[in-house]
Amino acid sequence: MDHEDLNIWAKRAADWATAYHAGLRDRPVRPSVAPGDVAARLPASAPETAEPLDDIFADFEAIVPGATTHWQHPRFFAYFPANASPASMLAEQLANAMAGQGMLWQTAPAATEIESVMVGWLRDALGLPAGFTGTIHDSATTATLSAILTMREAALDWDGNARGLAGQKRLRLYASAQTHSSVDKAVRIAGIGQANLVKVPLDAEFAMDPAALDAAIRADLARGDLPAGVVLCVGGTGIGASDPIAACIAVAKSHGLPVHVDAAWAGSAMICPEFRHLWAGIEGADSVVFNPHKWLGVQFDCAVQFLADPADQLRTLTIKPDYLETRGVGPVTDYSDWTVPLGRRFRALKIWFTLRAYGLEGLRARIRNHVRWAEDLARALATLPGIEIATAPRLSLFTFRCATDAQTEALLDRIDKDGRIYLTQTRHGGRVVIRVAVGQFDCTRDDVMMVAEVVRALNADR
Ligand SMILES: *Cc1c(COP(=O)(O)O)cnc(C)c1O
């Protein structure tokens, strides 16, 4: 296959994509496949000789779509959405065509500079302070890891990278129990240890209690431990709970501790000023991450981390062997100094295309619709016999349940088999609950309200 063939097949792929998206509503959101089904249809080893593209494409059509969970299905309400606007898909095609690697300004001047400008556009769109800069990561997990590594190094007076953690004081980090598992993963990878991630008690709204945060830090200081930082959450994954950002930042600052805020999902909603009360005080944070790939329409993968001052993170992550030195230009931004991996994709292009193709007003309208429709749906579900709303909508996420856990799980199994909608479960307050996360880019109010129709039908005929 050469570039002339690519031209022919890329056009066929574009036609295929159009038909795929047009037909999504007629497919079950999740395929009915068993583990191993797909692997069993592939040969055990790679071909020794070239195969015709016709065969490869035919196998793709026969094997892949039917065994795919359709994240762009308008009735995908599971987890959080991973939205892909058509504009972002187009940008990804162009980035793929150039297939660059943007580790340094020199290896990707356009990608580097568009990244800087896009971080600025998004910072302003979210109402963050003009002084914040930032970078693009693959995922919120990596951004949070970068922030926690930076907290570790600052706490150890920049000695952890050099000497390792053996013989150092015991580091302590603080987060609420609603915080995403990516924080747990980061403390493990950073060598801080799961036992040193303090899960601060919550208040009645499932938000971190600032007084409890203060008490936890004081207790650790009294024991001679080394508090390193606080991770706060806006729009937690389970039920969408948010910590009181201003009050918790005030506590952290009173102890001289840096704060990282995980707004992976809810951050996108902050393009709407009316939702910014959820993170009031955010201007005091040192680091904030949100995923345009969740709710803004910039397709996976794309996580933006804002930094009040990048100096500490650069000091933590920069490593410049001779072969990465850039010669003969003035000061430049090398984004690999800001992130964990050296190599990086041109992710800023899809932000640029998405923001321009829909405008902030177009994106706000979608998010406002999702929030309104989630409220409408919660009201409709609350009227159904045997169904109760477990947690009210926070932005566009709420949870519901049946009278018993067994009934809730049985209902979810029937929903899954039915295939018209896709919902997932979590545990809340010791009970199994079903999450509804509204936010797919192309969903309509009818798509959302179908959840009530499906639940009514499937809960009635049990
Ligand atoms: C989705 C999510 C994450 C993880 O995001 P990735 O980009 O997949 O790493 C972290 N925190 C919260 C609150 C999330 O919703």
Side-chain angles (χ1 to χ4, degrees), residues 69 71 76-84 88 122 126 134-149 173-190 197 199-200 202 206-208 229-245 248 259-270 275 278-279 282 285 287-306 339-341 344-345 347 350-351 367 370-371 374 391 393-399 424-426 428 435-440:
T69 300
W71 281 75
F76 183 105
F77 306 107
Y79 308 99
F80 280 131
N83 278 343
S88 84
L122 287 171
L126 269 54
T135 189
I136 306 174
H137 298 261
D138 54 352
S139 65
T141 299
T142 323
T144 294
L145 173 62
S146 303
I148 286 177
L149 289 169
L173 277 179
Y174 309 86
S176 92
Q178 293 287 318
T179 310
H180 190 265
S181 59
S182 55
V183 181
D184 302 75
K185 199 179 242 186
V187 297
R188 296 174 184 198
I189 296 171
L197 176 61
K199 298 283 175 78
V200 178
L202 306 176
F206 308 98
M208 187 190 281
V230 178
V231 180
L232 302 175
C233 163
V234 176
T237 312
I239 61 156
S242 298
D243 295 323
I245 299 301
C248 291
V259 173
H260 170 69
V261 177
D262 177 2
W265 161 66
S268 293
M270 302 308 166
F275 299 132
L278 288 171
W279 73 3
I282 192 72
S287 167
V288 181
V289 64
F290 93 107
N291 283 348
H293 74 225
K294 275 187 172 150
W295 204 4
L296 211 58
V298 181
Q299 81 175 74
F300 191 83
D301 51 359
C302 185
V304 173
Q305 182 192 19
F306 300 103
T339 54
V340 173
R344 46 208 329 282
R345 309 199 308 113
R347 297 190 182 89
K350 57 193 171 185
I351 301 178
I367 284 172
H370 298 157
V371 171
T391 62
R394 289 173 165 85
L395 295 171
S396 65
L397 169 67
F398 68 93
T399 65
T424 47
Q425 83 294 327
T426 188
H428 184 71
R435 293 172 74 262
V436 183
V438 176
Q440 206 283 324

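Counting starts at 1 for both ligands and their atoms, in listed order.
Ser396 and His370 share no side-chain donor-acceptor pair at under 3.5 Å. A donor-acceptor pair shorter than 3.5 Å can be found between the side chains of Arg344 and Thr135. Of the N and O atoms on the side chains of Ser146 and Gln305, not one donor lies less than 3.5 Å from an acceptor on the other residue.
With a 6.0 Å radius and a threshold of 12 heavy atoms from other residues, nucleotides or ligands, Lys185 has its NZ atom at or below the threshold.
The backbone N or O of Asp138 lies less than 3.5 Å from no partner atom in the side chain of Thr142, so there is not a single donor-acceptor pair.
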Which N/O atoms of ligand 1 sit under 3.5 Å from a protein N/O, and at what distances?
residue: ligand 1; atom: 5 (O); partner: Asn291; partner atom: ND2; Å: 3.4
residue: ligand 1; atom: 7 (O); partner: Ala140; partner atom: N; Å: 2.7
residue: ligand 1; atom: 7 (O); partner: Asn291; partner atom: ND2; Å: 2.9
residue: ligand 1; atom: 9 (O); partner: Ala140; partner atom: N; Å: 3.4
residue: ligand 1; atom: 9 (O); partner: Thr141; partner atom: N; Å: 2.9
residue: ligand 1; atom: 9 (O); partner: Thr141; partner atom: OG1; Å: 2.5
residue: ligand 1; atom: 11 (N); partner: Asp262; partner atom: OD1; Å: 3.2
residue: ligand 1; atom: 11 (N); partner: Asp262; partner atom: OD2; Å: 2.6
residue: ligand 1; atom: 15 (O); partner: Thr237; partner atom: OG1; Å: 3.2
residue: ligand 1; atom: 15 (O); partner: Lys294; partner atom: NZ; Å: 2.8

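Phe275 has its side chain within reach of Leu395: a pair of non-hydrogen atoms, C-beta onward, lies under 4.5 Å apart.
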